[in-house]
**Student:** 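I am attaching a structure below and will ask some questions about it afterwards.
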There are 2 protein chains.
Amino acid sequence: MEFKKIIEEKSKQAWEIYLPNLSIDCVVFGFHDALVKVLVVKMKENNLWALPGGYILKTENIKEAASRILHQRTGVTNIYLQQFRVFSDLNRSEGFFEAFENTIWNKQRFLSVGFYALVDFSTVKLVVDNFSDACEWKAIDELPELMMDHQYIFDKALGTLRKELNYKPIGFNLLPEKFTMPELQKLYEIILGKKLNRGNFFRKMLRYDILIKLDESRKGGAHKAPDLYKFDVEKYQLALKDGLNEGW
Amino acid sequence: MEFKKIIEEKSKQAWEIYLPNLSIDCVVFGFHDALVKVLVVKMKENNLWALPGGYILKTENIKEAASRILHQRTGVTNIYLQQFRVFSDLNRSEGFFEAFENTIWNKQRFLSVGFYALVDFSTVKLVVDNFSDACEWKAIDELPELMMDHQYIFDKALGTLRKELNYKPIGFNLLPEKFTMPELQKLYEIILGKKLNRGNFFRKMLRYDILIKLDESRKGGAHKAPDLYKFDVEKYQLALKDGLNEGW
DNA sequence: TTATTTTTTTTGATATTTGCATAAAAAGAG
DNA sequence: CTCTTTTTATGCAAATATCAAAAAAAATAA
C-alpha cells in the first residue's frame with residue numbers, strides 16, 4: 001500500500017525533525033458569499049474530515065509552525081494567527097492511525113495547540129497534500145463530522161473569537177480591501193450568531209473611528225448602491241493593540 | 001555535589017514518566033494586606049527567582065498537571081486554574097542548567113503552557129521542594145528579577161486577567177468568605193492598575209447581582225464599619241459561565 | 001457625653017450609549 | 001416615471017456611565 005509506506009517513512013524522520021508529542025491544529029476562518037467558512041481537510045488515512053494541522057519543527061516556535069503549515073495549505077503568507085488553547089486530553093488521539101504499529105511516531109500521545117486564523121478568502125489557493133484527499137471551505141453551521149476532538153477545537157475557536165469581538169475590531173483580515181457596511185455587519189452577525197440592529201451598528205462602527213469612507217459605492221446590484229469603506233490601517237492596528245471598549 | 005546528583009538521577013527517570021519538551025509555569029495570584037501578590041520560587045540551581053512550575057506526567061492532562069504541581073506547593077486543592085498561552089521561543093531556556101551535560105532531560109528545549117491560578121491567600125501553606133531554596137509571595141509591582149521569560153509570562157497572565165475582568169467576575173477565589181465592598185474594589189483596582197470611582201463601583205457590582213449583603217459589618221477598625229458581603233455562589237458560577245457584560 | 005474626624009454608603013445631575021422605530025435617499029426594475 | 005427594496009440617517013425613550021457631593025455611621029478625642 002503506497003500511502004502506508006509514505007507514512008511509515010515519514011514517521012522515521014519525524015523523531016529527528018519534529019518536537020515530539022505536540023502538534024498544531026488550525027481553525028481557518030474565511031468570509032465569502034455572506035457566509036463565514038472554515039477550512040477542512042479530508043484525511044486519506046481514515047476518510048474523515050479534520051482541521052488543517054501539522055507538527056512543530058525543532059527549529060521553529062509554534063507561531064512559525066502554524067504559519068508554515070497554513071502557507072503550505074493556502075499559499076498565503078502573513079496570515080493573521082492567534083493561539084487560543086492547548087488540547088491535552090489523554091484519549092484525544094485514541095483510535096487514530098489504527099492500521100499502524102503503536103511505535104509509529106504519529107501514533108504517540110499528542111497535545112495540540114489550537115490556533116485560529118483569519119484570511120481573505122479570495123487570495124487563498126487550496127492545496128491538497130500527501131495525507132489528504134480534499135481541502136474545502138465549509139460554512140460554519142454546516143461542518144461535516146470532524147475526527148477526534150476537532151469539533152470541540154472549532155467550538156472553542158469560535159467562542160474565543162466571539163469574546164474577542166468585544167474588544168478587538170475584525171474584518172481587516174477577512175474582507176477584501178473595499179467593503180460595505182452591510183457586509184461588515186453580516187460578518188459580525190455570523191460570528192456572533194445573532195442579528196444586530198442596523199442603525200446602532202453603523203453608529204458604533206463609525207464611533208470606533210477605524211473606517212475610511214470612500215467616494216464610491218458598489219453599483220450594479222439591485223436597489224440602492226451601498227457606500228464603500230476601507231479600514232484605516234494605522235487606527236485599526238492601534239485598536240487591535242489597545243482594545244476598543246474600555247470596560248472598567 | 002548533592003544537588004547535582006539529585007537532578008541527574010531525576011533526569012534519568014524523567015524520560016520515562018514525563019511528556020518531553022513540555023512544561024507548565026503557573027502565575028499564582030493571591031490577595032493579602034490590600035495587595036495582589038504572586039508566588040515565586042528561588043531555584044537552587046542558579047539562585048534566580050522563578051514562577052512555580054513542573055512537568056506533565058504521561059498519565060495526565062495539562063490541567064491535572066498544573067493542579068498537582070500547585071497542590072504540592074501550596075497544599076490547596078480545587079485551585080481556580082486557567083491556561084492562557086503557550087510560550088515557545090527557541091531560546092527561552094537558553095543558559096539554563098549550564099553546569100549539566102546537554103543530554104540531560106531538563107536541558108532539552110522546552111515549551112511552557114502558562115496557567116494562572118487564583119487562590120485564597122489565607123489557606124495556603126507554602127512548601128519548599130528539592131529544587132528550591134525559598135517560596136514566597138511578592139506584591140505584583142515588586143517582583144524580583146525572574147529567570148528566563150518568566151517576567152514576560154507574568155505580564156501576559158496579568159494582561160489576560162485584565163481582559164477577562166470585563167466579562168467575568170473575580171474575587172470568589174481570592175477573597176475570604178466574607179469581605180467588604182472597599183476590599184473588593186481594592187482587588188479590582190490593583191489588578192487593573194488604576195483607581196475606580198466609588199459610587200460607580202458600588203452600583204455596577206450590585207447590578208451584577210452576584211453579591212449577598214450580610215447583616216454584619218466589620219467592626220474594630222477605625223472609622224465607619226463597612227458592611228460585609230459574600231458571593232452568591234450559584235449566581236457567581238453562572239456569571240463566570242455566561243459572562244457579565246453583553247458586549248454586542 | 002458630645003463634637004470631630006474619617007471612611008462608607010447613597011444620591012443627584014449630566015452626558016453617553018443602547019434599543020427600537022422610522023424617515024429620507026438612492027438605484028434598478030418595470 | 002413610479003414602485004420596490006435596500007441603504008443611510010435620525011429621533012426619542014430607556015438604560016448606563018461619569019463626576020461630584022451629600023448623608024450616614026462608627027471610632028476617637030475632648
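Please read these numbers as outputs of a predicted model, since none were measured by experiment. Chain naming here is simple, since letters A, B, ... match the order of the sequence lines and numbering starts at 1 in each.
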**Student:** For A:Leu206 and C:dT18, give me the distance from atom CG to atom P, rounded to whole Å.
**Tutor:** 13 Å
**Student:** Quick one about A:Ser132 and A:Asp129 (side-chain donor to acceptor, distance below 3.5 Å, no hydrogens or angles considered), yes or no?
**Tutor:** yes
**Student:** My understanding is that only residues two or more places apart in sequence, or in another chain, count here; which of them pass ring-ring contact (aromatic ring centres under 6.0 Å, His included) with B:Phe110?
**Tutor:** B:Tyr55, B:Trp105
**Student:** Of all residues at least two apart in sequence or in a different chain, which pass the ring-ring contact (aromatic ring centres under 6.0 Å, His included) check with A:Phe179?
**Tutor:** A:Phe231
**Student:** Find the distance B:Arg218:CZ to C:dT6:P and express it as a whole number of Å.
**Tutor:** 22 Å
**Student:** Could you tell me how far apart A:Lys224 (NZ) and C:dA29 (P) are, to the nearest whole angstrom?
**Tutor:** 17 Å
**Student:** Just the rounded figure in Å: distance from P of C:dG19 to CZ of A:Phe201.
**Tutor:** 14 Å
**Student:** Side chain of A:Asp227, heavy atoms from C-beta onward: which of D:dT5, D:dA26, D:dT8 has the nearest atom to it?
**Tutor:** D:dT8
**Student:** What is the separation between atom CD on B:Glu216 and atom C1' on D:dA25, rounded to the nearest whole Å?
**Tutor:** 17 Å
**Student:** In dot-bracket form, 5' to 3', how is DNA chain D paired? Count Watson-Crick and G-U wobble pairs only if both distances fall under 3.5 Å, and write | where the partner sits on another strand.
**Tutor:** ||||||||||||||||||||||||||||||
**Student:** With a cut-off of less than 4.0 Å, is there a side-chain N or O of A:Lys219 near OP1 or OP2 of D:dT6?
**Tutor:** no
**Student:** Indicate the ring-plane relationship of B:Trp248 and A:Tyr188, choosing parallel, tilted or perpendicular according to the 30° and 60° boundaries.
**Tutor:** tilted
**Student:** Any chance the side chains of A:Glu164 and A:Tyr116 put a donor and an acceptor closer than 3.5 Å?
**Tutor:** yes
**Student:** Quick check: on DNA chain C, is the nucleotide nearest A:Ser217 upstream (toward 5') of the one nearest A:Asn197, or the reverse? Name the residue that is more 5'.
**Tutor:** A:Asn197
**Student:** Show, in sequence, the C-alpha distance, side-chain angles and deciding distance for A:Lys156 and A:Phe87, and conclude whether the side chain to side chain contact (heavy atoms under 4.5 Å, CB included) test is met.
**Tutor:** CA-CA 10 Å; A:Lys156 289 292 172 188; A:Phe87 300 87; 4.0 Å; yes
**Student:** The criterion is side-chain hydrogen bond (donor to acceptor under 3.5 Å, both in side chains); which residues satisfy it with A:Gln151, sequence neighbours excluded?
**Tutor:** A:Asp155
**Student:** Could you pull out all residues at least two apart from A:Arg203 that satisfy salt bridge (charged side-chain N to carboxylate O under 4.0 Å, His left out)?
**Tutor:** none
**Student:** Please report, rounded to the nearest Å, how far the C1' atom of C:dT18 is from the NZ atom of A:Lys194.
**Tutor:** 12 Å
**Student:** Could B:Lys178 and B:Glu216 be called an ion pair, given the rule that one side-chain N must be under 4.0 Å from one carboxylate O?
**Tutor:** yes
**Student:** To the nearest Å, give me how far apart CG (A:Leu244) and P (C:dT17) are.
**Tutor:** 13 Å
**Student:** Atom CZ of A:Phe202 and atom C1' of C:dT17: how far apart are they, to the nearest Å?
**Tutor:** 18 Å
**Student:** Does a side-chain N or O from A:Lys213 land closer than 4.0 Å to OP1 or OP2 of D:dA9, or not?
**Tutor:** yes
**Student:** Output one line per pair: protein atom, nucleotide atom from nucleotides 11-17 of chain D, and distance, for all N/O pairs under 3.5 Å.
**Tutor:**
{"unit_1": "D:dG11", "atom_1": "O6", "unit_2": "A:Arg203", "atom_2": "NH2", "d": "2.9"}
{"unit_1": "D:dA17", "atom_1": "OP2", "unit_2": "B:Arg207", "atom_2": "NH2", "d": "2.1"}

**Student:** Measure from the side-chain heavy atoms of B:Arg198 and tell me the nearest of C:dT7, C:dA27, D:dA27.
**Tutor:** C:dT7
